Every structure is written in C-alpha cells, then in structure tokens.
> 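One structure coming up, written as structure tokens, with questions to follow.
In this chain, numbering begins with 1 at the start of the sequence shown. Everything numeric here is computed off the predicted structure, so don't read it as measured data. Just so you know, ligand 1 is whichever comes first in the structure, and atom 1 is the first atom listed for that ligand.
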Amino acid sequence: MTTLDVPTTIEQRRLLVTPLPGPRSRELMSRKQAAVAAGVGTTMPVFAARAAGGIVVDVDGNHLVDLGSGIAVTTVGNSAPRVVEAVQEQVAAFTHTCFMITPYEGYVAVAEALNRLTPGDHEKRTALFNSGAEAVENAVKIARAHAGRQAVVVFDHAYHGRTNLTMAMTAKSMPYKHGFGPFASEVYRAPLSYPFRDGGLDGETAAVRAIDVIEKQVGADNLAAVVIEPIQGEGGFIEPAPGFLPRLAAWCRDHGVVFVADEVQTGFARTGDLFACDREGVVPDLIVTAKGIAGGLPLSAVTGRAEIMDAAHAGGLGGTYGGNPLACAAALAAIETIEAEGLVDRAREIEALMLDRLRALQARDPRVGEVRGRGAMIAVELVETGTDVPDPALAKAVAAAAHQQGVIVLTCGTHGNVLRFLPPLSISDELLRDGLDVLDAAFSATTAGAR
Ligand SMILES: *Cc1c(COP(=O)(O)O)cnc(C)c1O
C-alpha cells in the first residue's frame, strides 16, 4: 500500500446538503453568464470552494467525489500539502522576475528533474512554458529548427490544444475548431491504432498502415515531426495496440523525423507509469508535459535530446511567464510527492479497482462496448446495444445522473460517447468505490424508461 498525505481538514465523504446546483452556485452561475464569454463552457454548474484528497467542496457545502482532477491536473491531489508549502514559501520570496531577464534556481531544478525522469538516459534539455498547447507549439518549432523540414504528422482523434497551430493538429471540429479557421498549414493526419474500432488490427500492422500514408502523402524528406499522444486523451482514451508506438518511433529514427510524445494528459504517474511511453520502453526524441506536472499551477515543458532542443537559436524560445517561479516550486513539490508517496503504484491500484468494477458493469450492460485505459486514466466507450454505433446520448445521460448525485465525471471521444475517469491519486479506495456505485446506479436508471 502507498501512504497518502491528504489534508484532513476536508472530510473524505460524499455529502449532499442541497440539490445540485445549490442556491449559491445558481447565483454564481447567473453572474458567470452575465460576465464570462459564452465560449467558455461548464461541465457541472457547481462552484468550487475547497478541495483535497478525492473531494471537491462546493460553495453550498456539498462534498463531491472527484473523478476528473480538473482534467488530469491534480494528480497529486488538490492543494497537496507539499505543493501548498512550497508555493507559500515561494510567493513570499518573489513572484516573478522573468527567467529570461534574471533567472532563478527553481526553473533549472525543474529542468534537471524532467531530464532525469523522462524516458531515455541520453543527454537532455528542457524548456518551460505555461500551457499544454504552448508546449506542443514549441515542440514543433524546435523539431522544425532541428530537421530543417516543415511537415508535421498527427493522428485521427488527436487533441493537442486550442491555439492556432494546435487547432490544426487537433482532429475534432466541434467544438475545438468550428468557425475558427484558417488553420496552420503543413499539418497532415495519419490513421491511428484503435483496437475497438479497427477490428483488433495488431499494433505492427496498424503502424505500417500509418507509415504508408505518411510516406505516400507527405514523404519522409518533408517531415519534421510525428506528434502523438501515447494514450489519446480528449479523443477517447484510445490506447494503441502494443507494438504501434515502438514501430512508429523506429520509423522516425530511421528517417531523421523527430518523434514527439504529447504526454500532457498521460504524464506524471497518471497511467501507472511515470510516463505512458515507459510501458513499451518507447524513448521519444521530445516529450511534452503539462497538466499533472505542478499540482494545479500552470506549467508545461518540452524535454528532449540535447542536440534537438539546442537547435533553436537563443531568444527563439521562451515567453514572459514561462516557468513562473510559483509553478516551478509547485512542480518540484509535486514530483517529490509522486516519488515519496509511491503514486505510480497507487495509480496501478486504482486501475485494478476500477477495471474490476467497470468490467462487471460491462458484463451485465451490453451498452458498455469497451472498458479500457491504464492506471488512473480509465474509460468506458458506450454503444447502442448489439452494435458498435457510438451512443453519445447515453454518455451524456449517465454523466448527468452522476453529476446529480455529486460525482464529477467527464465525457470525451470524437463521438462524445466515452465516459472517462481521471481521479486524483490521493483518492481513497472507499471514495472511489462510492463514485463507482453512483455510476452503476446511473447506468441502471438510464436503462429503465429514460431511453
Ligand atoms: C489538455 C491537452 C493539451 C492542451 O493543454 P492546455 O494546457 O489545455 O493547453 C494538449 N495535449 C493533450 C494530450 C492534452 O490532453
């Protein structure tokens, strides 16, 4: 067993004291509608007041079970004790100098930690940024500078962000791209390995299929980088068949193409390995990290082979806030928490518990087409009974029923028919079981009558 250091100030128990959303949340929601741009959506119209362990407390005093971690961000837990302490110390020392003006040790220490922890023992360098999308963009800039080529290959169902270049790299039009073009050029899409939907094509064959598209439609000589999520996040928690990633990485190596792993969602113990690439021993040339990196503070990074990272000229990379000192202090504390609390093992315990429960659900509910994922990144893909036709309405109904009972769950997938679970690794087994009980009941309720 791992030992979890969770602040005890918030009782780790689901508790509803008002219907959801409660009166304070309703009031804040109407202020939000009047003040915040409509394009910024809301999964659950419940406003947060405090959070720790596996619980988010709302402004009405309801205790919600957190199976989302703010989209895989609070992997070490919300307001994790080491993170809080490190940030408090840093905020009192100095808040910002701009690393490009007068540098500070925290940034260098985060770079050293990432160089040490990311896959491969070659010489590495790191650059820090603010968001996942910003880091993905910089990985592409670096790869182009190194390769002296322009094309970038991404995959079906990919999600890489909402900035202009990353919109082009993201697959799904609505809501991420619709009406926001024109998009950046020289971005090409290849077929993924998607075992549930490609007839169980083995990884090697799926990789050869993708490589054929790349060679015929782009040409290796034009290609700077292949960018791939080792397990897709927003696209539906799609785990390519074993052999797919190693084969693709080998092809990139043979053709001087920079192999970029977008581990923004999968990184930092989330998948039961420190990084998802570790499972098959894949060593990316560049790895992009964010989300779980800093316990909730905004930080992202590109880490990779020194000779590739150093290809960009001085002044070509950076940004005013990139590697902010508070975020760096938080990242060092989050990394220390992952190591000290054995959170990689904890993610595997969560995987065992969740897969067990969700496979039991699948056995009695034919609308659960597939249960998949690794570590604390688990999903169920929902289909119309007896078919493989995606059922987004069911995913929406089950999520809404769970929300009503105080369980935060998210949906994803190109068709919106995937329920995904990303609990903080600080959640207790008891809370996790309670959340899954609610989910079970939500499935049963949508069987009867509702549809
Ligand atoms: C969330 C995500 C991004 C974008 O990160 P932001 O911080 O939202 O810009 C990029 N890639 C993947 C795989 C993600 O999950």
Side-chain angles (χ1 to χ4, degrees), residues 39-41 43 68-75 118 127-143 152-172 175-177 180 183-184 187 189 192 194 225-240 245 259-271 273 275-277 282 284 286-303 319 321-324 327 330-331 334 373-379 410-414 418 420-422:
V40 184
T43 297
S69 300
I71 321 186
V73 169
T74 52
T75 303
T118 50
L128 300 180
F129 305 96
N130 302 290
S131 70
E134 192 188 359
V136 170
E137 292 227 5
N138 277 280
V140 170
K141 281 165 65 172
I142 293 163
V152 176
V153 161
V154 291
F155 288 82
D156 289 334
H157 310 286
Y159 181 84
H160 297 292
R162 290 174 144 104
T163 56
N164 188 263
L165 176 57
T166 59
M167 273 197 293
M169 296 170 71
T170 290
K172 189 173 176 175
Y176 305 122
K177 306 164 73 162
F180 298 145
F183 304 111
V187 175
R189 201 167 303 282
L192 185 70
Y194 188 167
V226 166
V227 183
I228 188 165
E229 301 155 85
I231 301 176
Q232 285 192 332
E234 308 301 304
F237 283 22
I238 303 164
E239 189 183 354
L245 293 171
F259 183 75
V260 182
D262 178 349
E263 292 232 23
V264 168
Q265 192 152 161
T266 50
F268 296 99
R270 175 56 56 188
T271 64
D273 291 284
F275 296 97
C277 278
V282 169
L286 302 180
I287 182 169
V288 182
T289 53
K291 292 196 166 100
I293 193 173
L297 274 84
L299 186 72
S300 63
V302 182
T303 301
Y321 292 115
N324 168 271
R374 299 204 302 254
M377 183 172 181
I378 303 289
L410 313 174
T411 59
C412 64
T414 298
V418 179
R420 58 167 156 171
F421 310 104
L422 294 160

> According to the side chain to side chain donor-acceptor pair (under 3.5 Å) rule, which pairs have a member within residues 292-303, sequence neighbours left out?
Thr126-Thr303
> Quick one: OG1 on Thr163 to CD on Glu134, what's the gap to the nearest 0.5 Å?
8.5 Å
> Note down each nitrogen or oxygen pair, ligand 1 side and protein side, whose separation is under 3.5 Å; give only atom names and the distance to 0.1 Å.
from: ligand 1; atom 1: 7 (O); to: Gly132; atom 2: N; distance (Å): 2.7
from: ligand 1; atom 1: 9 (O); to: Gly132; atom 2: N; distance (Å): 3.3
from: ligand 1; atom 1: 9 (O); to: Ala133; atom 2: N; distance (Å): 2.8
from: ligand 1; atom 1: 11 (N); to: Tyr159; atom 2: O; distance (Å): 3.4
from: ligand 1; atom 1: 11 (N); to: Asp262; atom 2: OD1; distance (Å): 3.3
from: ligand 1; atom 1: 11 (N); to: Asp262; atom 2: OD2; distance (Å): 2.7
from: ligand 1; atom 1: 15 (O); to: Gln265; atom 2: NE2; distance (Å): 2.8
from: ligand 1; atom 1: 15 (O); to: Lys291; atom 2: NZ; distance (Å): 2.7

> Using a strict cut-off of less than 4.0 Å between a Lys/Arg side-chain nitrogen and an Asp/Glu carboxylate oxygen, indicate whether Lys172 and Glu234 qualify as a salt bridge.
no
> Tabulate below the donor-acceptor pairs under 3.5 Å that side-chain atoms of residues 288-298 make, not counting sequence neighbours, or state none.
none

> Heavy-atom distance under 4.5 Å between the side chains of Phe237 and Leu422, does that happen here?
yes
> Would you please name every residue forming a ring-ring contact (aromatic ring centres under 6.0 Å, His included) with Tyr159, sequence neighbours left out?
Tyr176
